[in-house]
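Structure first, commentary second.
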Amino acid sequence: MNQLSFQLKGSVVTAIVLELYRYSRAQFGEDLGAKVRQAPMFFHQTPVVISLEKLESDALPIDFVELISLCREFGLRPMAFKGAPPELGDALEATGLVLIPAGQAGRAAMPEPPAAPVAAASEPEVVVRTVVEEKLVHRPSKIITRPIRSGQQVYAEGCDLIVMAPVSEGAEILADGHIHVYGALRGRALAGVRGDVQARIFCQSLEAELVSVAGNFKLSDSLQELAWKAPAQVYLQDDTLHVAAL
Amino acid sequence: MNTREPGVAGRIEERVLAKIIVVTSGKGGVGKTTSSAAIGTGLALRGFKTAIIDFDVGLRNLDLIMGCERRVVYDFVNVLNKEATLNQALIKDKRTPNLFILPASQTRDKDALTQEGVQAVLNELSRDFDYIVCDSPAGIEKGAQMALYYADIAVVVTNPEVSSVRDSDRILGILQSKTRRVEAGEDPVEEHLLLTRYSPARVQAGEMLSVQDVEDILAIPLIGVIPESEAVLKASNQGMPVILDQETEAGQAYSDAVARLLGDQVEHRFLEVQKKGFFKRLLGGK
């Protein structure tokens, strides 16, 4: 039996970085509200790092507690401040969030969006930009060599999933990328679960309860006449899910 | 597979700890207790010192099938709670030497099973037994999980019908994730399929899954196919493990299964519909 009750592991978590330039309660709330309304589900319960690296020199003082609670109101979950000027240390520490030094994560260079045209009558205006940090990292595929049984769920996060055994009825396999099953696929298989429309499912024998690519799914009933119990691939073309014999 | 002689030499110098076999299925009524009794008896007949533990606390059955219900004084839960010693609770089988039964408690429930308690009992048994057969309760809850947690070998009992196969599949998933071996990073539990209540005639009529169908879905090695037989029910009611009745197909099939469990290569029998002989037909025998 394991001695420890836990294990410490390094991990990379995708988070939204909110680069703050200026802050006033009314303006920030309005701008953030507008952003969130564009894609409410995307922002729901999303971890956010508030970056102060681009903070304008006259932006202080800022009520950070209020800022955090505003973010929470819109469903965001602030977890850290990044690149805070040293004089803010104590104030930020008091919010209970983590302080990350500037430029710690090797950021892929992303062009700064051109500044929004500022109205002439210059009431201090807040511009909130959400910058999703995207890094092109090669993640190795997840390889499973034992059968995936009823009631088990396997998720290949940020990569492809390769299963070299059967996937039983009542099992569920998910991948952000492609799914390959070198065996009978009898359970549910969902490729491109974070919206990758290029993702595909390949299997040696298509007997699935459900196949899905980027949220477009087909149930076993509608698979019967398409390569049932035969080697097949499932892919998305023109928003339609296609099943083709291999 | 360890096929050491049960004799003297190895036992003194280098005693290997007992192998723990769990007989499990997920679904109820498929023949777990019958199979536990048969396998345990079969191992003992081959000279291995064997204990069968009934993990079905609250629904005690093993003692009935082994015909020792009147000799139950203390039970598994008494031992777990240190109200009795293991030696007081173990019932020595009257028919088969080397065979002992640890009955379940009828008056308690599965909450009486604790991981530490079960481990202590198994450790103590391991010291002077060769095999410990754990008769799992049905379901996938605490009782079943306790029965399989310390297993080295799993015998998954399945009937040739879809719901039983699905439940066995589920149990196999648990065997891959919730056992001591997995948590300790050791080799996974050795899995074996035991197909019970098999009726070749009904398979031929398309009313039952075939051996191939079940093997195909579960993808684990087959150690035996026990034909559907009245002898099993009769033996249960008489309190005698069916393996002792070598006149019957079921008894022979269990013997074969035990041999395969120990690593022997034995041809599978009783898979085909038996043609009735001329006299049998004439006499209307079944």
Side-chain angles (χ1 to χ4, degrees), chain A residues 1-9 142-157 161-174 179-190 203-210 219-221 223-224 227-232, chain B residues 24-27 114-120 122-123 139-141 144-146 148-151 154 156 158 161-193 209 212-221:
Chain A
M1 212 177 304
N2 278 339
Q3 293 274 300
L4 278 175
S5 59
F6 60 84
Q7 197 176 6
L8 291 176
K9 285 183 170 178
K142 191 169 197 166
I143 301 180
I144 308 279
T145 52
R146 305 200 68 190
I148 301 179
R149 306 290 184 181
S150 177
Q152 290 185 316
Q153 191 188 48
V154 176
Y155 175 34
E157 193 179 356
L161 177 62
I162 299 168
V163 183
M164 301 174 67
V167 177
S168 294
E169 250 178 79
E172 191 170 67
I173 52 175
L174 309 99
I179 292 176
H180 306 253
V181 181
Y182 298 99
L185 171 56
R186 302 193 176 98
R188 299 154 65 95
L190 298 93
C203 61
Q204 267 183 346
S205 178
L206 180 66
E207 302 167 40
E209 294 172 304
L210 175 147
L219 291 166
S220 62
D221 280 351
L223 295 172
Q224 299 292 332
W228 189 249
K229 293 199 173 181
Chain B
T24 186
S25 72
K27 194 168 161 60
T114 61
Q115 191 141 314
E116 300 74 34
V118 172
Q119 184 176 21
L122 292 176
N123 281 348
I140 54 170
E141 277 75 39
Q145 293 199 12
M146 285 291 169
L148 64 77
Y149 184 80
Y150 293 102
V156 178
T158 307
E161 46 113 1
V162 282
S163 63
S164 175
V165 172
R166 160 105 41 124
D167 289 359
S168 294
D169 195 53
R170 184 85 169 86
I171 274 289
L172 285 165
I174 294 171
L175 281 165
Q176 282 164 25
S177 56
K178 293 185 181 162
T179 60
R180 183 198 62 81
R181 283 182 161 266
V182 173
E183 286 175 12
E186 294 175 20
D187 289 344
V189 178
E190 203 181 285
E191 297 159 341
H192 298 280
L193 172 63
L209 295 176
Q212 285 74 28
D213 292 337
V214 180
E215 277 190 297
D216 191 36
I217 295 170
L218 295 179
I220 57 170

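Quantities reported herein were computed from a predicted structural model and do not represent experimental measurements. Just so it is clear, the values below take in all heavy atoms, side chains as well, and ignore hydrogens, waters and symmetry mates.
The structure places CG of B:D167 at 7.5 Å from OG of A:S150, a figure rounded to the nearest 0.5 Å. Atom-to-atom distance recorded for A:R146:CZ and B:I220:CD1 is 10.0 Å, nearest 0.5 angstrom. With values rounded to the nearest 0.5 angstrom, A:E207 atom CD is found 7.0 Å from B:D216 atom CG. With rounding to the nearest 0.5 Å, the separation of OG in A:S168 from CZ in B:R170 is 11.5 Å.
Judged by distance alone, with hydrogens and angles left aside, the side-chain atoms of A:R149 form no donor-acceptor pair with the main-chain N or O of B:S168 at under 3.5 Å.
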Verdict with supporting geometry, B:I217 and A:R186, side-chain contact (heavy atoms from CB on, under 4.5 Å): CA-CA 9 Å; B:I217 295 170; A:R186 302 193 176 98; 4.3 Å; yes

